[in-house]
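Notes follow the structure.
Sequential numbering from 1 along the given sequence is applied to the chain's residues.
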Amino acid sequence: MNTAPPAAAPAAGHLEIAPGVLYFGTPVVLVSTENEDGTFNLAPISSAWALGRTVVLGLGREGQTARNLGSRPGLVLSLPGPGLWPAVERLAPLTGRDPVPPGKPAGCRYDPDKFGAAGLTAVPSRSVRPPRVAECPFQMEARAERVRPDVSGDFVLVETVVSAVHADPRIVVPGTDHIDPAAWSPLVYNFRHYFGLGPELGQSYRTQTPRDA
């Protein structure tokens with residue numbers, strides 16, 4: 001007697017597709033690192049997630065950011081709001097590698113002053129050498145504790161531990177260490193398009209943010 005459960009039917013109306021990328025709505029992060037000559041690199045990434053005080057990054061193997069973190073582990077993760085998308089896009093075609101690595105997309109060009117090219121302001125950090133991005137409302141100083149290739153060999157996975165967090169007072173619940181989620185909207189990279197957040201739909205039972213925030 002066959003007791004195996006019936007196979008699940010495909011969801012009505014869904015299509016099986018093969019998208020070129022899987023950036024299904026992830027926050028943009030500006031990563032500042034230290035170059036070999038003591039100057040600083042700034043790069044936008046869209047593959048980052050947090051687990052406690054650990055933030056995991058996905059980086060291109062041939063980029064300057066991955067090269068820097070392999071030998072100089074200090075970094076800053078600055079998160080822009082939606083209004084900074086033009087600055088992020090000015091950074092997008094730039095690389096800190098000279099000559100430009102062959103794996104970079106067409107149109108990518110070398111620029112040694114990415115802060116200047118993007119029109120962003122570098123401000124000193126407290127615990128690491130790379131600077132923070134002044135215009136970003138949320139900033140995390142961190143140290144790369146593990147840098148390793150991903151299974152494809154095309155990317156690098158970086159496990160970082162956050163040592164200090166800085167936030168614009170306008171996105172902090174007064175008198176607390178809580179970010180006000182109604183006041184903070186990250187810039188989201190959604191299948192290579194930029195978006196902000198919409199109105200709040202609800203809250204998790206695990207939230208610790210004061211309810212009158």
Going by heavy atoms in the side chains, are [X] and [Y] under 4.5 Å from each other?
X	Y	result
Val123	Pro131	no
Val21	Arg192	yes
Cys136	Leu30	yes
Ile171	Ile179	yes
Thr209	Val173	yes
Val156	Thr65	no
Trp184	Leu79	yes
Leu69	Leu59	yes

Show the nearest heavy-atom pair for residues [X] and [Y], with the distance to one decimal.
X	Y	result
Arg97	Tyr110	O-CD1, 3.4 Å
Leu75	Val128	O-CG2, 3.7 Å
Ala164	Arg126	CB-NH2, 3.3 Å
Pro186	Pro82	O-CG, 4.0 Å
His178	Pro210	CD2-CD, 3.8 Å
Pro86	Gly83	CD-O, 3.5 Å

Problem set entry | Centroid separation Phe191 to Phe24 less than 6.0 Å |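 Distance test on ring centres: not under 6.0 Å, no.
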Quick check: does any side chain N or O of [X] sit under 3.5 Å from a backbone N or O of [Y], one acting as donor and the other as acceptor?
X	Y	value
Arg109	Pro93	no
Thr26	Ser46	yes
Ser78	Val133	yes
Thr160	Val55	yes
Asp150	Phe155	yes
Ser32	Leu42	no
Arg132	Pro124	yes
Asn190	His193	no

Verify the cluster assignment for [X] and [Y]: are they in a single hydrophobic cluster under the rule of side-chain heavy atoms below 4.5 Å apart?
X	Y	result
Leu77	Ile45	yes
Val31	Leu84	no
Val28	Val158	no
Trp49	Val188	no
Tyr194	Tyr23	yes

Problem set entry | Donor + acceptor pair across side chains of Thr121, Glu135 (<3.5 Å) |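 On atom types as modelled, these side chains qualify, holding a pair under 3.5 Å.
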Exercise. Hey, are Ser163 and Ser127 close enough side-chain-wise for a donor-acceptor pair under 3.5 Å?
Worked result: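 Their side chains do contain a donor-acceptor pair, which is all the 3.5 Å distance test asks for.
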Exercise. Listed by chain and number, what are the side chain to side chain contact (heavy atoms under 4.5 Å, CB included) partners of Glu34, not counting sequence neighbours?
Worked result: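 In terms of side chain to side chain contact (heavy atoms under 4.5 Å, CB included), with neighbours along the sequence ignored, Glu34 is linked to Phe40, Arg72, Arg129, Pro130.
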Exercise. In a check of side-chain hydrogen bond (donor to acceptor under 3.5 Å, both in side chains) between Gln64 and each of Asn35, Thr33, Asn41, which one passes?
Worked result: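 Of Asn35, Thr33, Asn41, side-chain hydrogen bond (donor to acceptor under 3.5 Å, both in side chains) with Gln64 is met by Asn35 alone.
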Exercise. Quick one: do Glu159 and Arg148 make a salt bridge, cutoff under 4.0 Å?
Worked result: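 Counted as a salt bridge, because a side-chain N and a carboxylate O are separated by less than 4.0 Å.
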For this session: Go through the structure and list residues passing ring-ring contact (aromatic ring centres under 6.0 Å, His included) with Phe195, not counting sequence neighbours.
Result: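 Testing Phe195 for ring-ring contact (aromatic ring centres under 6.0 Å, His included), a comparison that skips the adjacent residues, returns none.
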Nearest 0.5 Å please: distance from the [atom1] atom of [X] over to the [atom2] atom of [Y].
X	Y	atom1	atom2	answer
Thr95	Glu62	OG1	CD	10.0 Å
Leu187	Trp85	CG	CH2	9.5 Å
Leu91	Asp111	CG	CG	9.0 Å

Exercise. Checking side chain to side chain contact (heavy atoms under 4.5 Å, CB included) for the pair Arg143/Val161: CA distance, chi angles, key distance, verdict?
Worked result: CA-CA 5 Å; Arg143 179 181 175 89; Val161 176; 5.6 Å; no
Problem set entry | Steps toward side chain to side chain contact (heavy atoms under 4.5 Å, CB included) verdict (His166, Phe138) | CA-CA 6 Å; His166 307 265; Phe138 190 67; over 6 Å; no
